[in-house]
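Input: a single structure, listed below in structure tokens.
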Number of protein chains: 2
Amino acid sequence: MDENVCIETSKENMLALKDSLELLSGKWKFCILLSLYIYGSQRFKDLLANSVGGISPKVLSKELQDLENNLLITRTVNNTKPVTVTYALTKHAAETQPVINALITFGKKHRSQIIAK
Amino acid sequence: MDENVCIETSKENMLALKDSLELLSGKWKFCILLSLYIYGSQRFKDLLANSVGGISPKVLSKELQDLENNLLITRTVNNTKPVTVTYALTKHAAETQPVINALITFGKKHRSQIIAK
DNA sequence: GTTATCAATTACCTTTAGGAAAGTTACTAT
DNA sequence: ATAGTAACTTTCCTAAAGGTAATTGATAAC
């Protein structure tokens, strides 16, 4: 039976992996999250211009909505003129930090691997 | 100067993150790697039918080539009739394990978060 | 009343990812 | 000669991701 338990666990892990990928795969989500880690909560314009680099307003808007729907960020409209909107990480978003750190570590090591080739 | 050092590091991290995503983003690469972790080296047919689940031969072939070009797996043609081909993780691929584990952990926690909502 | 700012949204388009189905090559077994 | 197997490859197609540029709505400053 131990083998079946093991196979079950493997399938569970594969499903959990696929869940994560469905949400976080793509060019921008991790970058937005990293930017919010580094610089703290930010306004739309800051994310657009400074921190992420290269993203368009349309795509940024869509990605932020996805992240909000999945409880990883909060969206706060401020009482300023003109209106500003602040995006911040939720507590739950802390769960993505190990992923991002691991991706950064891999990215650095991988670069040297490829150069060495 | 400390602030500039910090900003430089941030940009470096963002680039490393983008490097990782360029290679590993998408529906299948992490699944293939996880499958090779769990079940060890496998043949094309095994990856296709059993372990990953749902991938087509065309896509599997392309993903395996990408991973091989990036030194994450090796491709070995065996002396069998008919020919079989075995795919195995390289030593360098071990660097992706923390990413995958973190993604699995996040996937599980995220599922309960979303259900609770 | 014109211009500017912020946070988008809309329309349009191109590129990439990915899937389905059939075909290919090389070999073996019957 | 025919059928089967393994590892692909090819063709064709759709859907999703992502980019560009212009526009919107609310507000305020000049």
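Only this structure's heavy atoms are used, side chains among them; waters, hydrogens and symmetry mates stay out. Order of the sequence lines sets the chain letters (A, B, ...), proteins ahead of strands, with each chain counted from 1.
A straight line from CG of B:D46 to C1' of D:dT5 spans 13 Å, rounded to a whole angstrom. Straight-line distance from the CG atom of B:N78 to the P atom of C:dT28: 15 Å, rounded to whole Å. Atom CD in A:E63 sits roughly 15 Å away from atom P in D:dA16 (whole-Å rounding). Residue B:K45 contributes atom NZ, which lies 7 Å from atom P of D:dT5 at whole-angstrom precision. The separation between B:Q65 atom CD and D:dT10 atom P is 10 Å, rounded to whole Å. Atom C1' of nucleotide D:dA7 and atom CZ of B:R75 are separated by 8 Å, given to the nearest angstrom. Computed from coordinates, the A:E22 CD to D:dA17 P distance equals 10 Å when rounded to whole Å. A straight line from NZ of B:K29 to C1' of C:dG18 spans 12 Å, rounded to a whole angstrom.
No hydrogens or angles considered: a donor-acceptor pair under 3.5 Å links the side chains of B:T96 and B:Y37. A:E95 and B:T105 form no side-chain donor-acceptor contact under 3.5 Å, judged by distance and modelled atom types alone. No side-chain donor-acceptor contact under 3.5 Å links B:D19 and A:H110.
A:S56 comes within 4.0 angstrom of a nucleotide base, judged by non-hydrogen atoms across all strands. Among the protein residues, A:K27 comes within range of the sugar-phosphate backbone only, with heavy atoms under 4.0 Å from sugar or phosphate atoms but none that close to a base.
Between A:G54 and A:V83, the residue anchored closer to the 5' end of DNA chain D is A:G54, taking for each the nucleotide with the nearest heavy atom. Mapping B:K62 and B:P57 onto DNA chain C via the closest heavy atom, the residue that lands nearer the 5' end is B:K62.
A:K58 contributes a side-chain N or O that forms a donor-acceptor pair with the base of D:dG19 under 3.5 Å.
Taking only side-chain nitrogens and oxygens, A:Y87 never comes nearer than 4.0 Å to OP1 or OP2 of C:dC6.
Between A:W28 atom CH2 and A:L47 atom CG the span is 11.5 Å, to the nearest 0.5 Å.
Distances were taken from every side-chain heavy atom of B:V59 (C-beta onward) to each of D:dG18, D:dA7, C:dG18; the shortest belongs to C:dG18. Here the nucleotide nearest the side chain of A:W28, chosen from D:dA6, D:dG19, C:dA7, is D:dG19. If you check D:dA7, C:dA8, C:dC27 against the side chain of B:K81, the one that comes closest is C:dC27. If you check D:dT9, C:dT9, C:dA7 against the side chain of B:S61, the one that comes closest is D:dT9.
Annotation for A:K45: atom NZ does not count as buried by contact number, only 12 or fewer foreign heavy atoms lying within 6.0 Å.
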